[in-house]
Amino acid sequence: MTVTVAALGFPRIGPQRRLKTALETHWAGRLDAEGLRTEAAALRALAWRRQADLGVDHVPSNDFSLYDHVLDTAVMVGAIPETYGWTGGSVDLPLYFAMARGTQGRETCDHGCAHDVGTGLPALEMTKWFDTNYHYLAPELVPGQAFQLDASRPIDAFLEAKAQGIHTRPVILGPVTFLKLAKSKVKDFQPLSLLSALLPVYAQLLQRLAAAGADWVQIDEPCLALDLTDFERGEIRRAYGVLAHAAPRISILLASYFGTYGDNLATAANLPVEGLHLDLVRAPGDLDAVKALARDSLVLSLGVIDGRNVWRADLEAILDRVEPVVATRGPDRVILAPSCSLLHTPLDLAIETSLDPEVSQWLAFAVQKLEELSILAKALNHGRASVREQLAASSAAVAARRASPLIHDPAVQARTKALTPADAERATPFAERIALQQQRLALPPLPTTTIGSFPQTAAVRQARAAHAKGQLPDADYEAFLRAETARAVAWQQEIGLDVLVHGEFERNDMVQYFGERLTGFAFTRHAWVQSYGSRCVRPPILYGDVSRPAPMTVEWWAYAQSLTDKPMKGMLTGPVTILQWSFVRDDIPRSETCRQIALAVRDEVVDLEAAGAAIIQIDEAALREGLPLRRGDWDGYLAWAVEAFRIAASGVAPQTQVHTHMCYSEFNDIIAAIGAMDADVISIETARSKMELLDAFEAYAYPAQIGPGVYDIHAPRSPGAAEMLDLLERAGQRLSPSQLWVNPDCGLKTRRWEEVEPALANMVAAAKAARAALTGA
Ligand SMILES: CN1c2c(nc(N)[nH]c2=O)NC[C@@H]1CNc1ccc(C(=O)N[C@@H](CCC(=O)N[C@@H](CCC(=O)N[C@@H](CCC(=O)O)C(=O)O)C(=O)O)C(=O)O)cc1
Ligand SMILES: N[C@@H](CCS)C(=O)O
Ligand SMILES: [Zn+2]
């Protein structure tokens, strides 16, 4: 009878992003399906062995995916939209990747190789996974949707691990969350109404897993961290009433994470399941609450190690909380786990050799987090003395971090303290500002622009990599980037864009680039985290008070502006997005860190203005994503997030035009906050929704200017001028033409020049046609 250790999921991109390489080589036609499958199996085997060696008792299987686990679930239950021409049977890789990426002509991988992927099929819609920077593919369902089980993935994975001598706990996405994440093209159709049709498939799956030898299964229902209606809670009870009886030989561990169960806890704790996982990092209060509600026999999986951040845990403090639970419930009713899947953390700190050792000792990545759990389990099973040294090391690291002079900068703290409401206000109201800006800029109606980045070609990435390795001298790298920038500026001018950008060739990533230039941030070489499919990010680690020692973008802006008489936009990432896409310190509130970043961005904005920039764009792509999962927490977040943007934007004169940009955002719920940001111009992603996202702006009577994206940059195909004109006309039906700008949905860094060149030329043509229609010329 011992306390055991579980992992709810492990990073799947593999060491050195091996999965990324395999996928992109496969998509480029240089690795066949068999080769890809072999590499995927090797990566699974490696992950299982690693976890078992680290002392994990409940090693997960079926947490691996070639692209996305929600897509895998759709495939598993046979929810394949008609468009893909599926006629039953197992889904092969071309069909799987068609759903993931579409088959629209030629695609490019990160090595810059272009390859044909067929024509015509769109990808499933990609959306943010709860409040993370991971994106899933939304299942697309229809009324009367039929489901049929293909259990091969979870069963094969279970057997694969078994053959390796590792008895795993399969992970499956629960039926209620699956349906809640699904979309339908049929208006007002609620996918959750398909629950009765879906449950038999899940019941069959549990029977198959039991027959294969699984004794526990982890069913993820993170929708329990959201606001649910009574009806939805009833559907959860109904679902687990069915599943609990489907396969008596298999025990269910129900897992929710990313927040509190809150008013869903009584439902969750009383389900006829054998175990319940709690995210005690985001919701420490759930522990006492569950103790009052759960029957004695319920196994509690205590998510005590943060799966969403990179800080080493305070193991003694965790033991103080967990020991009483073990004493009252008994060791066999307690499992220790990370708060959520480790998908959201980098793999292994041990390979990070270039971090400041002082900062490094404060950190734990996936591997180290499992080590921490193993130490905790030992302490609980054999007494704290059995791991005295490890506990002492943990306490010392926590104390060292708290006291470190690296973290505290009195000047930064004094500056945020001295902020007044006036610092978050532009001195002049929008109506007066815009008149002054129009005088200064003299732009035509429906001005054309782009969002900032141009293709990050293989040549650009290779030059940066060579420079980082010391193989390309500073001067040569600089000259290369200047040449890229000059080419992009000349080309924009040639095709007749009105407001130009420098192209962001010098940036590895829109957040990492700034993290590397601000104090209080550490950056890594290998700490990749999957964002979607084969795409990864290396979130900077924000460990201390933030300031900006020197201008970060002014030289590149000035160089680009020197090449043209057209306005060149200054291009910055906003405070909320830098915060949201970094690993953030947990010793002060996020709102406070955000104010510090806001002041650093403000310094850059002021310097860009002083250098002559007439337009400065502050991207806040992650503002919507940062919205708390519970509506009750929205107002508090929006108040400080909007204030941070305003602090960043308000240091400039009324003649200086401030733009912001947001992609991946559903605006209906937060339109008042978008208005309160008080940007002069906002560019948004609207092409795929055919401008429907503008309804919120129309209903709110949004006063400022808007650039609704007319070019869906997520697809490789280049839209024609007529298509973009149609979108502009739709925008014109919702907003005054005097408010409108013409631009793509987002930056063009993931596209190829061959796609971008015709698309932007067509966009300029569409704007000209729309202008002519406006003026009757
Ligand atoms: C807008 N999006 C972003 C999000 N989050 C961010 N932090 N940044 C974003 O832009 N979230 C929402 C969306 C998600 N979208 C994307 C889109 C594209 C990517 C992507 O392309 N990622 C790249 C990595 C980007 C990067 O940091 N590149 C570096 C390092 C390049 C590299 O791999 N170097 C190799 C050597 C290369 C060689 O020798 O050729 C190495 O270091 O080993 C750079 O360009 O310098 C990816 O590869 O996945 C992500 C999210
Ligand atoms: N300026 C950035 C915004 C992306 S959200 C870009 O163009 O890539
Ligand atoms: Zn964007």
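Just so it is clear, the values below take in all heavy atoms, side chains as well, and ignore hydrogens, waters and symmetry mates. In each ligand, atom 1 is the first atom listed, and ligand 1 is the first ligand listed.
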**Report entry** Donor + acceptor pair across side chains of His502, Thr485 (<3.5 Å)
**Finding:** no
Requested in this report: Could you establish whether Cys536 and ligand 1 come within less than 4.0 Å of each other, counting only heavy atoms on the residue side?
Outcome: yes
Query raised in the report: Quick one: does NZ or CZ of Arg482 land under 6.0 Å from the six-membered ring centre of Phe480, within 45 degrees of the ring axis?
Result: no
Requested in this report: Using the ring of Phe258 (Phe, Tyr or Trp, six-membered ring only), decide whether Arg308 places NZ or CZ under 6.0 Å from its centre and within 45 degrees of its axis.
Outcome: yes
Requested in this report: Heavy-atom contacts with Lys20 under 4.0 Å: which atoms of ligand 1 show up? List them by number with element.
Outcome: 47 (C), 48 (O), 49 (O)
Query raised in the report: Does a side-chain N-to-carboxylate-O contact under 4.0 Å join Glu125 and Lys183?
Result: yes
Query - For ligand 1, the portion of Asn508 having any non-hydrogen atom under 4.0 Å away - result: both
Report task. Verify whether one side chain among Asp680 and Gln437 offers a donor that lies under 3.5 Å from an acceptor in the other. Result -> yes
Query - Whether Tyr477 side chain and Ala468 backbone form a donor-acceptor pair below 3.5 Å - result: no
Query raised in the report: Given Gln16, Arg17, Gln512, which one has a non-hydrogen atom that is nearest to atom 35 (C) of ligand 1?
Result: Arg17
**Report entry** ligand 1 atoms in contact with His135 (distance to a heavy atom under 4.0 Å)
**Finding:** 12 (C), 14 (C)
**Report entry** Arg44 to Phe64 six-membered ring, cation-pi geometry met (6.0 Å, 45°)
**Finding:** yes
Query raised in the report: With a cut-off of 4.0 Å, which atoms of ligand 1 are near a heavy atom of Ser534?
Result: 49 (O)
Query - Among Tyr513, Trp581, Tyr532, closest by any non-hydrogen atom to atom 16 (C) of ligand 1 - result: Tyr532
Report task. Collect the protein residues that have a non-hydrogen atom under 4.0 Å from ligand 2 and hand them over in chain and number order. Result -> Ile451, Gly452, Ser453, Glu504, Met510, Met571, Asp619, Ala621, His661, Cys663, Cys746, Gly747, Lys749
Query raised in the report: Considering only heavy atoms, which of Gln580, Met126, Arg464 lies nearest to atom 44 (C) of ligand 1?
Result: Arg464
Requested in this report: Report yes or no: is the cationic atom of Arg101 (NZ for Lys, CZ for Arg) closer than 6.0 Å to the six-membered ring centre of Trp27, at no more than 45° off its axis?
Outcome: yes
Query raised in the report: Strictly under 4.0 Å, does any heavy atom of Arg525 approach an atom of ligand 1?
Result: no
Query raised in the report: For ligand 1, is there an N or O atom under 3.5 Å from any N or O atom of Gln462?
Result: no
Query raised in the report: Considering residues, nucleotides and ligands other than Glu555, do more than 12 of their heavy atoms fall under 6.0 Å from its CD?
Result: no
Report summary line: Filtering Thr573, Thr21, Asn133, Asp509 for the heavy atom nearest atom 8 (N) of ligand 1 leaves Asp509
**Report entry** Ring centers of Tyr96, Tyr67 separated by less than 6.0 Å
**Finding:** no
Query raised in the report: For Gly747, is the nearest heavy atom under 4.0 Å from an atom of ligand 1?
Result: no
Report task. Show your working on side-chain contact (heavy atoms from CB on, under 4.5 Å) between Leu728 and Val710 and close with a plain yes or no. Result -> CA-CA 7 Å; Leu728 274 177; Val710 293; 4.1 Å; yes
Query raised in the report: Can a non-hydrogen atom of Lys128 be found less than 4.0 Å from any atom of ligand 1?
Result: yes
Requested in this report: State whether the shortest distance between N or O atoms of Arg461 and N or O atoms of ligand 1 falls below 3.5 angstrom.
Outcome: yes
Query raised in the report: Pro719 pairs by side-chain contact (heavy atoms from CB on, under 4.5 Å) with which of Glu755, Met763, Met724?
Result: Met724
Report task. For the residue pair Asp474 and His467, confirm or rule out a side-chain donor-acceptor distance under 3.5 Å. Result -> yes
Query raised in the report: Of all the atoms in ligand 1, which lie at a distance below 4.0 Å from a heavy atom belonging to Ala465?
Result: 36 (C), 37 (C), 38 (C), 39 (O)
**Report entry** ligand 1 contacted by Lys749 (non-hydrogen, < 4.0 Å)
**Finding:** yes
**Report entry** Sidechain-backbone polar pair: Arg12 side chain, Leu343 backbone, donor-acceptor under 3.5 Å
**Finding:** no
Requested in this report: Look only at the side chain of Arg602 and the backbone of Ile647, and say whether a donor-acceptor pair between them is shorter than 3.5 Å.
Outcome: yes
Query raised in the report: Which part of Thr750 is near ligand 1, with near meaning a heavy atom under 4.0 Å away: side chain, backbone, both or neither?
Result: side chain
Query raised in the report: Roughly, to 10 degrees, what angle do His661 atom NE2 and Cys663 atom SG form around the Zn ion (ligand 3)?
Result: 110°
